[in-house]
Protein chains: 2
Amino acid sequence: MALNRSVPVPLYYQLAELIREQIAAGELRPGDQVPGERTLSEQYQISRMTARQALVYLEREGTLVSEQGRGTFVAAPKLTYDALHLLGFTEAMLLRGAKPRARVLEQGVVTPPLRVARDLGLAGGEEAVKIVRLRFSDVTPLLLETSYIPLSRCPGLAQDDLASQSLYTLLEQRYGVRLLRATQTLEATVANAYEQQLFGVAEGMPMILLTGVTFDDHNKPVEQFKAIYRGDRFKLTYESERGAPVGNQVPAPRLSMVLA
Amino acid sequence: MALNRSVPVPLYYQLAELIREQIAAGELRPGDQVPGERTLSEQYQISRMTARQALVYLEREGTLVSEQGRGTFVAAPKLTYDALHLLGFTEAMLLRGAKPRARVLEQGVVTPPLRVARDLGLAGGEEAVKIVRLRFSDVTPLLLETSYIPLSRCPGLAQDDLASQSLYTLLEQRYGVRLLRATQTLEATVANAYEQQLFGVAEGMPMILLTGVTFDDHNKPVEQFKAIYRGDRFKLTYESERGAPVGNQVPAPRLSMVLA
DNA sequence: GTGCCCTAGTGGTATAGAGCAATAGGCTGT
DNA sequence: ACAGCCTATTGCTCTATACCACTAGGGCAC
């Protein structure tokens, strides 16, 4: 609970770590106000500038946001869909005022294919929950999504209701999985016969294929996924900027999936 | 040349701007050492911490890199292809050990289509240089690229040699255009008859269509482009991470085009 | 009530000064 | 010649202090 001055780790960094841990432990929740610069400096017996350095550091990495005259607050995670999954299907839907719906086509425990098992780091024969969902905007099917999650991570997932709630919320809230990182690959393809029928599109319809793996805070793979989007309805926009930082935040390239 | 204390602009920010301008003007070139904290504080009559704040600020945004015991230096631009254009065609080629080649299919002054003129902010009838290039890895055509650049920006471009040199290098070095920002959109499509013949692929081949606009340091549009990639050879990978900053740099999501 | 001002608390900027850690290059002893 | 030390220079951390800008809320005047 105190800082250690006899170790070659900067005080501001120790304090930043400490605050990060408090957030990770749930002692500080998104939206909560963190102690101010003056309070921290007194509490940990450091100068205000040093306390400030820790806060600025955390603000820069996106963990905190501060507002002059009000205080400093724990930032919303804004990762689950946004940066992490890139797709933002639900967001894109809500933005357009359409109602996101899902039909569960498959949900159960299986022995995953070799390629999937490898992505998930599973030993031979280890089981996983397979989930296949078709997602709609109102009545139009837009996206077919297949996910595999190791059974050991989510014992009851095969029985949970997935039609009405997000898989990511479920994983985080019910199974305590903290998703932090994702690798994904996007490519162009055309609809196969099954997909043609499912989406009700013509032969040769261009589609976007998104595959990838999400990882938790221990860098262990959590989910292997594959999603097929209707190519005529989705675009991907990418904005890169080498601009001046706004406040303390350095602008990162923005990438988002938009519905045409 | 001096800082102004009677305006509500922070000193550290004024100094940062000043250094940025010196880099933009070519007085400081990539790799050059910038004056140290102590020198700057004396030179501009500000405290050392304030000078330092300016340097840290510029380091964070990637303009400078500093090394303890050595000094602070102007960073390499590393933008032209990397973050800016996303595609990194030449890089992907060189990485695989293949030789990037280009055949110029069209190069001349035209009155651009309405939609392009709008993107470039051109008045009706204003002319632009149109460039169409087919780009190869060795002998395989992989990418068809069409660019429009306002004629006023690059008077001689219609005559320049584009087969052997990069359009971006040419714009920067010969016409003094500083490309800083890009918006682009990626979508899936299928090859049309002309593209089928050009690439020598079958009907219905999935393709990636990348369109966008690049902007200069005054936020004026410089180029409108459209690129068609062979879908069976290109993938897009995206890696998002919410990690700890390394040094002063916050990791941004990495997006790159890879050749399958 | 309504509008205004004042004030306490917050983050943001700036100062001056101290010591630490890493680097590069010259110097010195062998 | 060479290895090792020494020192100047650089960036990095930290302290203590001051004042400014902005916000929210209480209380006062109307």
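The chains referred to below are lettered A, B, ... by the order of the sequence lines, with proteins before strands, and numbering in each begins at 1. Values reported hereafter were calculated over all heavy atoms of this structure, with side chains retained and with hydrogens, waters and symmetry mates removed.
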For atom OH of Tyr44(A) and atom C1' of dT13(D), their distance in whole Å: 19 Å

Spacing of Tyr57(A) atom OH relative to dC12(D) atom P, expressed in whole Å: 14 Å

Protein-nucleotide distance (Leu40(A), atom CG; dC14(D), atom C1'), rounded to Å: 16 Å

dT13(D) phosphate, OP1 or OP2, under 4.0 Å from Thr50(A) side-chain N/O: no

Distance test, side-chain N/O of Tyr12(A) to OP1/OP2 of dC14(D), below 4.0 Å: no

First of Gln68(A) and Met49(B) reached from the 5' end of DNA chain C, by closest nucleotide: Gln68(A)

First encountered from the 5' end of DNA chain C, between Arg38(B) and Ala51(B): Ala51(B)

Contact nearer the 5' end of DNA chain D, comparing Pro8(B) with Thr72(B): Thr72(B)

Distance below 4.0 Å between Ser47(A) side-chain N/O and dT17(D) OP1 or OP2: no

OP1 or OP2 of dG12(C) under 4.0 Å from side-chain N/O of Arg52(A): yes

Spacing of Glu67(A) atom CD relative to dG11(C) atom C1', expressed in whole Å: 10 Å

Rounded interatomic separation in angstrom, taking CG from Leu64(A) and P from dG11(C): 11 Å

Sugar-phosphate only, base, or nothing, as touched by Leu55(B) at under 4.0 Å among non-hydrogen atoms: nothing

Close side-chain approach of Tyr44(B) to Leu11(B), heavy-atom, < 4.5 Å: no

Test item: Leu186(B) and Leu186(A) side chains (from C-beta on) under 4.5 Å apart, heavy atoms: yes

Any Arg70(B) side-chain nitrogen or oxygen under 4.0 Å from OP1 or OP2 of dA24(C): yes

Given DNA chain D, 5'-ward residue of the pair Gly69(A) and Val9(A), judged by closest heavy atom: Val9(A)

Whole-Å gap separating C1' (dA21(D)) and CG (Leu11(B)): 15 Å

Heavy-atom side-chain proximity of Leu64(A) to Ile23(A) below 4.5 angstrom: yes

For atom CZ of Arg48(A) and atom P of dC19(D), their distance in whole Å: 13 Å

Integer-rounded Å distance: dC14(D) C1' and Gln45(A) CD: 14 Å

Any donor-acceptor pair under 3.5 Å from Glu126(B) side chain to Pro150(B) backbone: no

Distance-minimising heavy-atom pair for Ala75(A) and Pro30(A): O-CB, 3.8 Å

N or O in side chain of Arg5(B) less than 4.0 angstrom from dT15(C) OP1/OP2: yes

